[in-house]
Amino acid sequence: MLQLNIIRDNKDEIIRRLTKKNFKVEIIDQVISIDADRRKTQAELDAIKAEGNIISKQVGELMKAGKKAEADDLKNKSIALKESEKSLQNSLNKFEEETYQLLVLIPNLANDQVPAGKTPEENKIVFTHGEIPTLPANAKPHWELASQYDLIDFELGNKITGAGFPVYKGKMARLQRALINFFLDRATAAGYLEIQPPILINKDSGFGTGQLPDKEGQMYHCGVDDLYLIPTAEVPITNIYRDVILKAEDFPVMNCGYTPCFRREAGSYGSDVRGLNRLHQFDKVELVQLAHPSKSYDVLEQMREYVAGLLKDLELPFRTLLLCGGDMSFASAMTYDMEVFSAAQKKWLEVSSVSNFESFQANRLKLRFREGTEKPQLAHTLNGSALALPRICAALLENNQTPDGIRIPQVLRSYTGFDIIN
RNA sequence: GGAGAAAUGGCAGAGUGGUCGAUCGCGGUAGUCUUGAAAACUAUUGACUGUAAUAGGUCCGGGGGUUCGAAUCCCUCUUUCUCCGCCA
């Protein structure tokens, strides 16, 4: 959520940067106009309250002095004030509600480095690494390899739960556990504090990171207790810092966490959801950083390079995209997507998304920091996947298939305890 | 799940209807003293909103109510603690 006073004071720049995100900017004028009404009403209400406060104080003094009749006069005056107070309060509430309803519709501003564009085709490829493997003509997609080596049972998951909840078995289960440990060890070595958060969250947390109220349908909801299954560890980890005032010297705050993630993914279909490409439950290690506003773009680059390092070590060909304005998420100011090439499907699969939210989330979270004795100001939040497992597994299976089995990258062997799946 | 107690500023802890946004202490900040530091002493020290700047308004776990006036009374929710029960 953008800060109202910034919209008020920098209208032209706000409009310019929102246009890049293909946002209809008429809302900005509406917000500013309703806010003006709101502040006028607030001033009137405050004046009446001030008067009421003075009267109450005088009543107290008169009562103490035993002047009951005079006190009663003032009481009546105060009761009369209550009427106008009530009606002003009602219109104030109305203005506040209207302002809020508009504010939550406004996406974050795109950073100036973000390329213009509306569709994924207009994303900018900023980096590519690794050779695209040339597989033999009879190379198999990962779902066939999974069944050939008895690694993943999609039917069984269907029986236990439903589509999109696969069952991993034997060496595949072990490979996933190895990946989780590898990712966590690397993150910890890079300075991230490992967090094991709850995977059910309440409404306040969903609101803090922006899943609620708009994207309610994308989360699984436990009705009896009114809790949501997390779509990503970003939600519980970032919410650790809701309503917190940090000290400037606390930066950078670096957290990482492994969690299962749950996504309803309503409306998805076709070859995009085949095999491991898109699931309702999957595992992910997530990075969250809180940064000083002057440093957050350095942190973004640092996180991007960190994720690239993981992919290099996993020996996977990948590319980094700088998302164009139209393809970025609602809350992001700048996002890099990392995609690995899955050689049998001949597809680029997104395995990580690294974003700087600037103060957009922090404003909702009331996540602030204090510089010396100055007033608190909003911190910047960033996060990135490092990494999401299923698509990494898809690429590992497909790219490393040989007639003798599936080769495990060197860096994982101490974690898996085997070097080939056969 | 049952019974009882509690929730106040960074921490600790007063305050049971009228100058209480809140005593005192610790911590923090600034100053005095000192070559410097410590100690001591003095002052200062919450957030939100709002104004050109003052002023003003709101906040004592959350929400609602009573009252001219509530941290203080009432209702309700949440959380924590103690005891009992159950349990990995």
Side-chain angles (χ1 to χ4, degrees), chain A residues 1-10 31-100 102-103 196-208 212-213 222-228 236 239-251 253 290 359 361-379:
Chain A
M1 198 159 67
L2 294 179
Q3 293 174 86
L4 197 46
N5 56 344
I6 291 181
I7 296 179
R8 205 191 290 148
D9 298 341
N10 307 281
V31 167
I32 290 176
S33 136
I34 293 172
D35 178 54
D37 291 342
R38 197 211 91 228
R39 281 188 298 160
K40 186 160 158 276
T41 310
Q42 177 86 64
E44 289 169 24
L45 178 62
D46 285 354
I48 285 181
K49 280 184 171 175
E51 200 179 338
N53 287 343
I54 290 167
I55 290 176
S56 291
K57 212 167 266 182
Q58 287 170 342
V59 170
E61 281 158 16
L62 289 171
M63 297 290 273
K64 219 182 270 177
K67 298 176 182 165
K68 190 164 181 311
E70 291 175 46
D72 283 346
D73 274 357
L74 277 180
K75 277 191 197 178
N76 292 333
K77 205 170 152 193
S78 176
I79 291 168
L81 273 181
K82 287 278 157 192
E83 287 308 309
S84 34
E85 185 179 327
K86 196 177 267 179
S87 90
L88 278 171
Q89 185 68 57
N90 285 340
S91 30
L92 182 66
N93 291 347
K94 196 187 81 185
F95 287 137
E96 281 180 348
E97 177 63 20
E98 285 174 11
T99 310
Y100 170 79
L102 292 176
L103 271 182
Q196 212 172 34
I199 60 176
L200 287 168
I201 51 137
N202 59 29
K203 280 203 153 73
D204 285 343
S205 294
F207 178 81
L212 296 175
C222 303
V224 196
D225 296 296
D226 199 16
L227 298 172
Y228 297 86
N239 270 283
I240 292 173
Y241 304 97
R242 171 151 49 88
D243 289 318
V244 167
I245 301 179
L246 299 161
K247 298 191 190 78
E249 54 266 33
D250 293 335
F251 292 129
V253 173
L290 314 180
S359 60
Q361 283 184 331
N363 188 34
R364 285 193 171 205
L365 291 161
K366 294 193 172 58
L367 161 54
R368 292 167 294 170
F369 72 99
R370 195 194 305 271
E371 196 118 55
T373 55
E374 287 174 22
K375 292 207 81 175
Q377 56 174 309
L378 294 174

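Throughout, protein chains are lettered first and strands after them, A, B, ... in sequence-line order, and every chain is numbered starting at 1.
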Study note, to complete from the structure: Looking only at B:A47, B:G56, B:U51, the nucleotide nearest the A:A50 side chain is B:G56

Practice item. Go along nucleotides 58-63 of chain B 5' to 3' and tag each nucleotide: B for a protein heavy atom under 4.0 Å from its base, S when only backbone or sugar atoms are that close, - otherwise. Key: S-----

Revision key, fill the gap. To the nearest angstrom, the CD-C1' distance between A:Q377 and B:A47 comes to 16 Å

Practice item. Take atom C1' in B:G62 and the same atom in B:A71, then report the distance between them in whole Å. Key: 15 Å

Check your understanding: How far, in whole Å, is B:A55 from B:G50 if one measures between their C1' atoms?
Key -> 10 Å

**Study point:** Pairwise side chain to side chain donor-acceptor pair (under 3.5 Å) hits with a residue in residues 69-78 of chain A, at least two apart
**Key:** A:K68-A:D72

Review point. Mind checking the P distance from B:C20 to B:G15? Whole angstroms is fine.
Key: 16 Å

Let me check something: any side-chain donor-acceptor pairs from residues 239-247 of chain A under 3.5 Å, sequence neighbours excluded? List them with distances.
from	atom 1	to	atom 2	distance (Å)
A:N239	OD1	A:R242	NE	2.7
A:N239	ND2	A:S205	O	2.9
A:N239	ND2	A:V235	O	2.8
A:Y241	OH	A:N255	OD1	2.5
A:R242	NH2	A:S205	OG	3.0

Practice item. Please report the shortest heavy-atom distance between A:C222 and A:L200, naming the atom on each side. Key: SG-CD2, 3.9 Å

Review point. Looking at A:I48 and A:E85, what are the two nearest heavy atoms and their distance?
Key: CG2-CB, 4.1 Å

Practice item. Please measure how far the P atom in B:C60 lies from the corresponding atom in B:U19, and state the result in whole Å. Key: 16 Å

Review point. Between B:A30 and B:U23, how far is it from one P atom to the other, in whole Å?
Key: 23 Å

Point to revise | Value in whole Å for how far the P atom of B:C48 lies from CG of A:D243 | key: 11 Å

Review point. Between B:G21 and B:U58, how far is it from one C1' atom to the other, in whole Å?
Key: 11 Å

Can you tabulate the close N/O pairs, meaning under 3.5 Å, that link protein atoms to atoms of nucleotides 15-20 of chain B?
from	atom 1	to	atom 2	distance (Å)
B:G18	N2	A:S56	O	2.9

**Study point:** Integer angstrom distance from the P of B:U29 to that of B:C83
**Key:** 40 Å

Check your understanding: Would you say A:Q42 and A:F95 make side-chain contact, with heavy atoms under 4.5 Å?
Key -> no

Review point. Any idea which heavy atoms bring A:T41 and A:S91 closest together, and the distance?
Key: CG2-OG, 4.0 Å

Exercise for review: Would you please test A:K203 and A:D226 for side-chain contact (heavy atoms from CB on, under 4.5 Å) and show each step?
Suggested key: CA-CA 8 Å; A:K203 280 203 153 73; A:D226 199 16; 2.9 Å; yes

Check your understanding: Which atoms form the tightest heavy-atom contact between A:T99 and A:I34, and what is the distance?
Key -> OG1-CG2, 3.4 Å

Point to revise | A:E371 atom CD: more than 12 heavy-atom contacts under 6.0 Å | key: yes

Review point. What residues in residues 80-90 of chain A put a non-hydrogen atom under 4.0 Å from any atom of RNA chain B?
Key: A:K82

Exercise for review: Ignoring backbone atoms, test whether A:R370 places a side-chain nitrogen or oxygen under 4.0 Å from the OP1 or OP2 oxygen of B:G28.
Suggested key: no

Check your understanding: Does a donor on one side chain sit under 3.5 Å from an acceptor on the other, for A:N93 and A:E97?
Key -> no

Revision key, fill the gap. From CG of A:D204 across to P of B:U78 the rounded distance in Å is 14 Å

Check your understanding: Is any N or O donor-acceptor pair between the side chain of A:D46 and the base of B:G57 shorter than 3.5 Å?
Key -> no

**Study point:** A:R368 vs A:K75, nearer the 5' end of RNA chain B by closest nucleotide
**Key:** A:R368

Check your understanding: Which distance, rounded to the nearest 0.5 Å, do you find between the CG of A:L103 and the CG of A:L2?
Key -> 7.5 Å

Practice item. Provide, to the nearest angstrom, the distance between the NZ atom belonging to A:K203 and the P atom belonging to B:C77. Key: 18 Å

**Study point:** Atom pair distance, as rounded to whole Å: CD in A:Q42 and P in B:C48
**Key:** 15 Å

Study note, to complete from the structure: Assign each of A:I245 and A:L74 the nucleotide of RNA chain B bearing its closest heavy atom; nearer the 5' end lies the nucleotide of A:I245

Practice item. Looking only at non-hydrogen atoms, find the nearest pair between A:P197 and A:P236 and report the distance. Key: CB-CB, 3.6 Å

Check your understanding: If you measure from CG on A:D35 to CD on A:E96, what distance do you get to the nearest 0.5 Å?
Key -> 10.0 Å

Exercise for review: Please map the stems of RNA chain B, keeping only stretches of three or more Watson-Crick or G-U wobble pairs with both distances under 3.5 angstrom.
Suggested key: B:1-7 with B:78-84, B:27-32 with B:40-45, B:46-49 with B:56-59, B:61-65 with B:73-77

Review point. Could you state the NZ-P distance from A:K77 to B:G69, rounded to the nearest angstrom?
Key: 15 Å

Review point. Can you name the nearest heavy-atom pair linking A:R364 to A:G208, along with the distance?
Key: CB-O, 3.6 Å

**Study point:** B:U16 to B:A6 separation - P atoms, rounded to the nearest Å
**Key:** 14 Å

Check your understanding: Atom CZ of A:R39 and atom P of B:C48: how far apart are they, to the nearest Å?
Key -> 18 Å

Check your understanding: Over how many whole Å does the gap from A:E44 atom CD to B:G50 atom P extend?
Key -> 16 Å

Review point. Is any side-chain heavy atom of A:Q89 closer than 4.5 Å to a side-chain heavy atom of A:K49?
Key: yes

